[in-house]
Amino acid sequence: MKKLDELKEWRRTHYSVEITPELDGKRVTVFGWLASIREQGGITFLILHDKEGVVQITMHKDKISRSVLEKAKSLREHSSIGVRGIVKSIDKAPHGAEIIPEEIRILGIVQRQPPFTLFGGKMASIDKRLDIRVVDLRRPKAQAIFRIRHTVLTAIREFFIKRGYMEVSTPKIIATATEGGAALFPILYYDKEAFLAQSPQLYKEQLVIPFEKVFEIGPIFRAEESRTLRHLSEVVSIDVEEAFVSYEDIMKLIEQMIYHTVKKVRGRCSSETELLRHELPVPKVPFKNFTYRDVLEILEKEGITLSWGDDLSTQSLKILGKTMPEFYFITDWPTFMKPFYIKPKGDKQDISESFDFMHGAIELASGGSRVSSKRLLVKRLKEQGLEPKLFRYHLRIFDYGMPPHAGFGLGLERLMMVLTGQENIREVTIFPRDQSRLTP
RNA sequence: GCCUCGGUGGUGUAGUCCGGUCUAGCAUAGGACGCUGUCACCGUCCUGACUCGGGUUCAAAUCCCGACCGAGGCGCCA
């Protein structure tokens with residue numbers, strides 16, 4: 001057993017990337033994890049990485065105390081250490097500067113052979129990586145993905161707050177199905193049956209009464225038996241609802257939100273997108289807009305015949321994605337294909353004021369104008385085979401001046417797949433949940 | 001949920017069709033040594049694996065059955 005050192009009075013003076021030639025001769029303290037150790041004759045090089053990047057620690061056999069050198073050589077990749085030493089400006093070092101250590105403290109040792117190395121080498125399968133996910137997240141590419149995610153969330157919050165939307169939180173433990181459709185996870189709520197929310201839909205609609213413009217960024221849960229690269233049982237949904245607007249206004253809002261977000265990612269995360277080798281062009285606005293009927297015609301030309309009312313199969317979405325590898329909307333879906341709260345068009349009741357927001361073959365968001373008349377809502381519930389009684393707590397709000405309103409729900413992970421070029425939604429989720437994975 | 005495919009050292013793979021040549025190859029990792037400017041360092045040597053259970057056979061990593069685990073596609077779903 002190797003002995004661990006105590007942190008004691010040591011505190012970080014610099015992050016790895018802050019070790020620059022200008023600090024030449026200064027004493028610094030850095031903390032991090034060992035990314036690699038290389039011996040070159042009488043010189044030993046350690047690469048230390050922290051959350052910001054890497055720095056090189058260099059030890060000449062004759063110029064360093066024996067105990068420091070022995071300690072360094074005993075280390076294995078992934079060990080967590082602290083290093084106190086003198087910065088030396090030198091061209092041959094990776095960023096023009098390195099640290100000559102005076103003392104090394106071993107703070108966390110590596111007991112087992114990790115299933116992968118941080119830099120280079122073959123990647124282990126996603127299953128093995130997810131088993132020790134936080135170690136996997138040290139990989140530079142994973143770091144890049146989640147830095148981008150952080151930037152995306154920040155940009156989206158900035159965007160809505162600046163435009164006067166209020167951030168809200170709604171219950172994730174609910175009494176009844178919100179919209180029918182997706183399967184819910186039942187849970188035991190004291191002595192009652194309850195469910196995990198599949199969407200904040202009904203709550204956010206109600207919240208336009210006091211707040212007019214709201215958004216929520218929070219988890220939603222779906223108990224679908226979906227075994228694909230783009231479905232999870234728990235995802236983060238970005239939900240917006242606004243009073244006195246229609247679905248066309250909401251589509252415009254999405255367009256601006258995406259434009260703003262991509263601009264921010266490009267501005268703040270250029271090194272991350274470069275590392276991921278993923279081109280992220282500024283999206284061309286306005287986004288293209290096809291009706292459901294247009295899409296059927298496009299698919300017809302591609303040799304796929306669908307009848308009005310057919311869902312777009314995975315195959316047809318893939319073909320659509322090839323012809324349109326960009327952001328676009330599919331609007332005016334048949335009313336019966338959409339949830340009960342989606343508003344039918346005034347003159348054509350069989351078509352709805354609805355849209356799906358797409359990128360290539362992947363559906364990112366759906367939204368629409370909402371039904372604001374209680375009578376119509378009850379009619380729509382019945383048409384969809386739902387029991388209005390179960391929705392009485394929702395319906396009675398409509399007796400107290402429910403304004404016309406519209407909104408959308410967007411899957412954050414799917415947006416992240418598009419922004420980072422990942423094919424598996426698990427890569428953009430810190431601790432993914434699917435039908436076979438409940439841990440870690 | 002359905003269909004298809006797979007499970008070989010810590011990790012990624014070759015070998016499986018067509019049983020014997022497998023004492024299981026390669027890379028990476030781990031250990032030892034050498035190398036005074038590496039940066040996926042390099043060189044030499046070493047360590048380490050056929051998912052589990054049953055069956056067929058003179059002989060099974062290889063063929064058959066079952067279990068467990070995983071991957072992809074479709075459907076469901078947003």
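Note that the structure is predicted; figures quoted are calculated from it, not measured. Order of the sequence lines fixes the chain letters, A, B, ..., with proteins taken first and strands second; residue numbering starts at 1 for each chain.
Pair assignment for A27(B) gives U11(B), based on Watson-Crick or G-U wobble hydrogen-bonding distances that are each under 3.5 Å. Across all strands shown, C18(B) has no partner, as no Watson-Crick or G-U wobble contact with both distances under 3.5 Å is found.
For G12(B), the OP1/OP2 oxygens have a side-chain nitrogen or oxygen of K128(A) closer than 4.0 Å. The phosphate of C74(B) has OP1 or OP2 within less than 4.0 Å of a side-chain N or O from K318(A). For G73(B), the OP1/OP2 oxygens have no side-chain nitrogen or oxygen of T314(A) closer than 4.0 Å.
At the heavy-atom level, P94(A) lies under 4.0 Å from base atoms of the strands shown.
Note: F159(A) and H260(A) have tilted aromatic rings, judged against thresholds of 30 and 60 degrees for the angle between ring planes.
The two atoms that bring P344(A) and R380(A) nearest to each other are CG-CD, 4.1 Å, heavy atoms only. Nearest heavy atoms, F355(A) versus G368(A): CE2-N, 3.6 Å.
If you take atom C1' in C22(B) and the same atom in G9(B), they sit 15 Å apart, rounded to whole Å. Straight-line distance between the P atoms of C5(B) and C63(B): roughly 13 Å, to the nearest whole Å.
In summary, the side chains of S313(A) and Q315(A) do not present any donor paired with an acceptor at a separation below 3.5 Å, with no hydrogens or angles considered.
Computed from coordinates, the I319(A) CD1 to G73(B) C1' distance equals 15 Å when rounded to whole Å.
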